[in-house]
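Hydrogens, waters and symmetry mates are skipped; everything else that's a heavy atom, side chains included, is used. Chain letters run A, B, ... following the sequence lines, proteins first, then strands; residues in each count from 1.
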2 protein chains.
Amino acid sequence: MVRATTERSKEGYHHGNLRVALLASAREMLETQGVAALKLRAITRQVGVSPMAVAPHFGNLCGLLTALATQGFEELAHAIKTGKARSLKDAGLAYIYFAIRNPGLFTLMFRGDAIDRSDPAFAGAAGDSFALLGTWAATSGKAAGFAPQIAEAVMWGKVHGLAILAIDGLLTPLVQATDPHIDLEQFLEQALDYMKAATSG
Amino acid sequence: MVRATTERSKEGYHHGNLRVALLASAREMLETQGVAALKLRAITRQVGVSPMAVAPHFGNLCGLLTALATQGFEELAHAIKTGKARSLKDAGLAYIYFAIRNPGLFTLMFRGDAIDRSDPAFAGAAGDSFALLGTWAATSGKAAGFAPQIAEAVMWGKVHGLAILAIDGLLTPLVQATDPHIDLEQFLEQALDYMKAATSG
DNA sequence: CTGTCATATTTACATTGTAAAGATTACTGT
DNA sequence: ACAGTAATCTTTACAATGTAAATATGACAG
């Protein structure tokens with residue numbers, strides 16, 4: 001019976017701000033129990049509302065998840081922007097840190113079979129984030145004879161791959177083998193430093 | 001009513017080689033309709049068998065998908081091995097090419113909520129593939145002052161990220177912007193060449 | 001107050017995976 | 001060859017999912 005915020009006008013038939021309450025509940029459930037637990041009935045039960053109450057606000061479950069993913073991309077864009085204001089490395093770190101600090105949300109943002117990528121709001125938010133990565137790659141290191149899109153893909157692939165592997169827990173053995181006292185975030189920061197220092201084939 | 005192979009002894013109550021038939025049917029359905037279409041009832045219907053026929057062979061749907069993912073890691077390890085026999089770049093290309101040529105399978109292999117990672121056969125096959133990547137990174141470029149696990153993570157993250165982005169269709173705009181006549185595989189090969197040539201931060 | 005409309009509920013239904021029990025066939029030991 | 005055992009597959013039944021359709025509720029403008 002979590003009513004999400006206290007700003008509700010009254011207890012009654014109409015919730016008042018059900019849209020944000022549903023998003024908040026879904027997001028909490030997403031991070032505590034994973035994307036597999038994102039069932040419509042579970043979300044609405046936690047808010048104290050009937051399952052079909054999502055219809056006026058999101059249409060259906062897919063719409064709710066798409067709105068949540070959209071919110072995720074907006075936050076990701078903001079994180080990259082503020083990171084890039086400091087340094088190029090921080091922009092990459094912002095991408096990775098956002099992913100491992102919001103693992104469920106980040107996973108949902110790239111799950112094409114759970115969300116509706118043709119949704120205008122989602123496409124806009126995702127496009128904004130991707131465009132930021134493009135400018136990031138443009139101002140970063142280049143190599144002669146390669147299209148800028150190649151640089152952008154490599155840049156993006158690096159941070160995205162590390163983020164996904166970290167979320168899936170596949171880096172933890174490597175982290176512990178490096179130093180049992182080290183943190184995952186510290187490990188990833190070293191990885192970004194390594195990328196700058198080494199030429200890697 | 002696809003009976004998968006012709007090696008069936010008789011038409012009858014017992015299928016004969018249902019295990020491989022189910023795996024083949026699931027894999028075909030995986031690549032033609034995506035991981036979201038991997039429903040138990042759809043798979044068994046295509047083989048012409050009742051849904052609960054998976055029980056003796058795989059236990060349940062999760063067991064079937066885990067066996068399929070295990071098979072995928074075995075094939076991936078083989079692809080990396082034969083690629084590494086030629087060059088380091090080919091080892092990376094083998095990883096990426098396997099992913100984009102078996103997009104559904106590759107996606108399934110890393111979907112922790114659809115498979116059982118504690119399954120011994122799966123853990124063994126996945127571990128073998130990951131170990132190969134470790135030796136790959138060890139023989140690749142290094143940088144002073146960094147643990148070998150850092151190099152391994154970066155290496156793995158690069159190819160994994162590009163593979164995931166390519167499967168999700170997020171690289172196609174970049175590919176077309178580069179050259180409308182270019183192929184995705186050619187684009188990715190250039191990306192690997194770029195990684196060798198450029199120092200990237 | 002009254003009509004209108006967005007909001008939320010209720011009911012019903014098709015679909016999912018699977019536990020339990022039964023039917024069918026293969027295999028093994030004598 | 002033949003009985004007994006075990007593996008394989010089917011049937012039935014059930015809980016849980018998302019949602020279409022119809023209904024109820026309340027907010028709000030006139």
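- When atom types are taken as modelled, the side chain of Thr70(A) and the backbone of Thr66(A) share a donor-acceptor pair closer than 3.5 angstrom.
- With sequence neighbours excluded, the residues satisfying side chain to side chain contact (heavy atoms under 4.5 Å, CB included) with Ala99(A) are Phe106(A), Ala163(A), Ile167(A).
- Under a 4.0 Å N-O distance rule, the pair Asp193(A)/Lys89(A) qualifies as a salt bridge.
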Using a cut-off of 4.0 Å between protein heavy atoms and nucleotide atoms, how would you tag nucleotides 6-11 of chain D 5' to 3' with B, S and -?
--BBBB
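- The side chain to side chain contact (heavy atoms under 4.5 Å, CB included) check on Ala131(B) picks up nothing, with sequence neighbours excluded.
- For residues 33-43 of chain B, proximity to DNA chain D is found at no residue, defined as any non-hydrogen atom under 4.0 angstrom from a strand atom.
- Residue Arg45(A) contributes atom CZ, which lies 17 Å from atom C1' of dT10(C) at whole-angstrom precision.
- With Tyr97(A) contributing its side chain and Glu185(A) its backbone, the two residues share a donor-acceptor pair below 3.5 Å.
- Within residues 58-68 of chain B, the residues approaching DNA chain C are Asn60(B), Leu61(B), by heavy-atom distance under 4.0 Å.
- Looking only at side-chain heavy atoms (C-beta outward), Thr107(A) and Arg111(A) come within less than 4.5 Å of each other.
- Considering only residues two or more places apart in sequence or on other chains, Asp179(A) meets the salt bridge (Lys or Arg N to Asp or Glu O under 4.0 Å) condition with none of them.
- In this structure, Asp90(A) contributes its side chain and Arg86(A) its backbone to no donor-acceptor pair below 3.5 Å.
- A centroid separation of 6.0 Å or more is found between the aromatic rings of Tyr95(B) and Trp136(B).
- Annotation: Phe73(A) is in aromatic contact with Phe110(A) [ring centroid separation under 6.0 Å].
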